Number of protein chains: 2
Amino acid sequence: MGAGAKSKQKGVACPVETTLRVIGGRWKVLIIHFLLTGTMRFGELTRSLGGISARTLSKQLRELEADGVVARKDFGEIPPKVEYSLTPLGKTLEPVLRSMEAWGVVVERRR
Amino acid sequence: MGAGAKSKQKGVACPVETTLRVIGGRWKVLIIHFLLTGTMRFGELTRSLGGISARTLSKQLRELEADGVVARKDFGEIPPKVEYSLTPLGKTLEPVLRSMEAWGVVVERRR
DNA sequence: CGGGATCCCGGATGATACTG
DNA sequence: CAGTATCATCCGGGATCCCG
């Protein structure tokens with residue numbers, strides 16, 4: 001995966017790798033982190049993430065949507081309004097992120 | 001990575017991303033998975049992982065070592081003998097992998 | 001056996017310009 | 001506002017060859 005992302009479904013039947021494939025993208029855990037606090041619009045996410053390009057955000061959101069983690073709601077208005085939120089499955093990622101966060105804190109303290 | 005793996009230390013002070021940076025490599029969770037069962041030699045890992053190149057295995061092991069997750073023991077013999085194992089810190093990754101595995105299982109069942 | 005040195009490619013991401 | 005299209009770039013990782 002270049003950075004990280006890993007979008008291949010190479011025979012590897014390891015569930016841990018499956019998870020990594022889903023949340024391994026450069027910005028995905030951040031996106032999920034923010035959506036855990038509630039629904040957000042595209043522009044809000046762009047500003048919150050700080051530094052992500054529209055092209056990349058769009059792509060990562062669509063991948064998360066394809067994996068059933070994120071729900072996209074298009075209001076079909078002009079000007080456009082689109083809201084993103086976590087699906088029930090997406091919300092079940094919270095304990096995973098928390099355990100990763102806890103470990104990351106320990107590692108960071110180590111230096 | 002290709003991205004995937006994320007080796008940048010960009011200001012991002014998010015612990016979750018720190019964890020992802022450490023275990024996000026193409027083979028790292030697999031390596032850790034095997035080392036959780038005990039000490040292994042370079043060749044053993046190569047065969048167990050199946051398909052990894054020596055260059056990449058060497059590199060990922062050194063990165064894990066630099067992050068304090070893996071310990072390397074060189075016996076300084078001829079022919080060479082090197083053993084790899086998890087450090088105490090490395091072993092604390094087990095609950096993280098388990099939560100990722102549990103989620104991965106659910107997702108895989110979803111299709 | 002356990003790597004290091006090189007060469008190389010594809011995918012991931014950014015920058016920029018444009019649009020409904 | 002929320003994207004898409006296109007071009008440019010960067011980097012992880014594979015393939016191959018070589019060595020102590």
Side-chain angles (χ1 to χ4, degrees), chain A residues 1-12 17 20-31 39-67 70-85, chain B residues 1-12 17 20-31 39-67 70-85:
Chain A
M1 13 171 298
K6 286 88 232 172
S7 296
K8 290 290 108 44
Q9 66 304 319
K10 276 290 187 180
V12 194
E17 299 222 296
L20 216 43
R21 189 186 56 72
V22 174
I23 70 172
R26 170 72 181 79
W27 303 88
K28 291 184 181 175
V29 295
L30 258 325
I31 292 171
T39 294
M40 289 178 84
R41 295 183 58 178
F42 190 89
E44 273 185 284
L45 277 169
T46 301
R47 283 187 297 279
S48 298
L49 294 170
I52 192 174
S53 64
R55 174 185 179 286
T56 299
L57 176 54
S58 173
K59 199 175 164 197
Q60 306 234 336
L61 283 170
R62 281 175 201 291
E63 288 173 6
L64 288 171
E65 193 187 352
D67 286 322
V70 161
R72 184 190 129 107
K73 181 171 184 182
D74 190 330
F75 288 76
E77 302 175 353
I78 297 292
K81 176 178 176 182
V82 181
E83 283 186 350
Y84 291 92
S85 58
Chain B
M1 162 164 17
K6 295 80 235 180
S7 294
K8 289 290 106 44
Q9 66 304 318
K10 277 289 189 178
V12 193
E17 300 223 294
L20 216 44
R21 190 186 55 73
V22 173
I23 69 173
R26 172 71 180 78
W27 302 89
K28 291 183 179 174
V29 295
L30 257 332
I31 292 171
T39 294
M40 288 178 86
R41 294 183 58 180
F42 190 89
E44 274 185 284
L45 277 169
T46 300
R47 284 186 298 280
S48 297
L49 294 170
I52 191 175
S53 66
R55 174 188 178 280
T56 299
L57 176 55
S58 172
K59 203 174 162 194
Q60 306 237 332
L61 283 170
R62 281 175 200 292
E63 289 173 5
L64 289 171
E65 192 188 354
D67 286 322
V70 160
R72 184 191 128 105
K73 182 172 183 183
D74 190 330
F75 288 80
E77 301 174 356
I78 298 293
K81 177 179 176 182
V82 181
E83 283 186 351
Y84 291 92
S85 58

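Keep in mind that what you see is a predicted model, and the values were worked out from it rather than measured. When reading the values below, keep in mind they use all heavy atoms of this one structure, side chains included, and skip hydrogens, waters and symmetry mates.
- A straight line from CG of Leu49(B) to P of dG13(D) spans 13 Å, rounded to a whole angstrom.
- Within 4.0 Å of Tyr84(B), counting heavy atoms only, lie sugar-phosphate atoms of the nucleic acid but no base atom.
- The side-chain hydrogen bond (donor to acceptor under 3.5 Å, both in side chains) search around Arg55(A) returns none, not counting sequence neighbours.
- Remark: P of dG3(C) and CD of Glu77(B) are 13 Å apart, rounded to the nearest angstrom.
- Atom NZ in Lys73(B) sits about 15 Å away from atom P in dG3(C), given to the nearest Å.
- Rounded to an integer number of Å, the gap from CZ of Arg26(B) to C1' of dC11(D) is 16 Å.
- Counting only residues at least two apart or in different chains, salt bridge (Lys or Arg N to Asp or Glu O under 4.0 Å) contacts with residues 73-83 of chain B comprise Arg72(B)-Asp74(B).
- Computed from C1' positions of five pairs at each end, the angle between the two local axes of the helix from dC1(C)-dG20(D) to dG20(C)-dC1(D) equals 50°, rounded to 10 degrees.
- Distance check, rounded to the nearest 0.5 Å: CG of Leu57(A) to CG of Leu30(A) gives 11.0 Å.
- Between Ile23(B) and Lys28(B) the shortest heavy-atom distance is O-CB, 3.7 Å.
- Using a 4.5 Å heavy-atom cutoff, the side chains of Leu20(B) and Leu20(A) are in contact.
- Distances shorter than 4.0 Å separate some side-chain N or O of Gln60(A) from OP1 or OP2 on dT13(C).
- Rounded to the nearest 0.5 angstrom, Asp67(A) CG and Arg62(A) CZ are separated by 14.0 Å.
- Across the protein-nucleic acid pair, Leu57(B) atom CG and dG2(C) atom C1' stand 10 Å apart, rounded to whole Å.
- Between the CD atom of Glu83(A) and the P atom of dG3(D) there is a distance of 12 Å, given to the nearest Å.
- Side-chain N/O atoms of Arg72(B) include none lying less than 4.0 angstrom from OP1 or OP2 on dG2(C).
- Closest to the side chain of Trp27(B), out of dC1(D), dG3(C), dG13(D), is dG13(D).
- When the side-chain nitrogen and oxygen atoms of Thr56(B) are compared with OP1 and OP2 of dG12(D), none of them lie within a distance under 4.0 Å.
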*Can you check each nucleotide of nucleotides 15-20 of chain D against protein heavy atoms at under 4.0 Å and return B for base, S for sugar-phosphate only, - for none, in 5' to 3' order?*
B----B

Per-pair distances, 0.1 Å, donor-acceptor, side chain in residues 42-54 of chain A, under 3.5 Å, sequence neighbours excluded:
residue, atom, partner, partner atom, Å
Glu44(A), OE1, Arg41(A), N, 2.8
Thr46(A), OG1, Phe42(A), O, 3.0
Arg47(A), NH1, Gly43(A), O, 3.4
Ser48(A), OG, Glu44(A), O, 2.9
Ser53(A), OG, Thr56(A), N, 3.3
Ser53(A), OG, Thr56(A), OG1, 3.0

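- How far CD of Glu17(B) is from CZ of Arg26(A): 5.5 Å, rounded to the nearest 0.5 Å.
- For the pair Asp74(B) CG and dG3(C) P, the computed distance is 7 Å after rounding to whole Å.
- Atom-to-atom, CZ of Arg62(B) to C1' of dG13(D) comes out at 16 Å; the value is rounded to the nearest Å.
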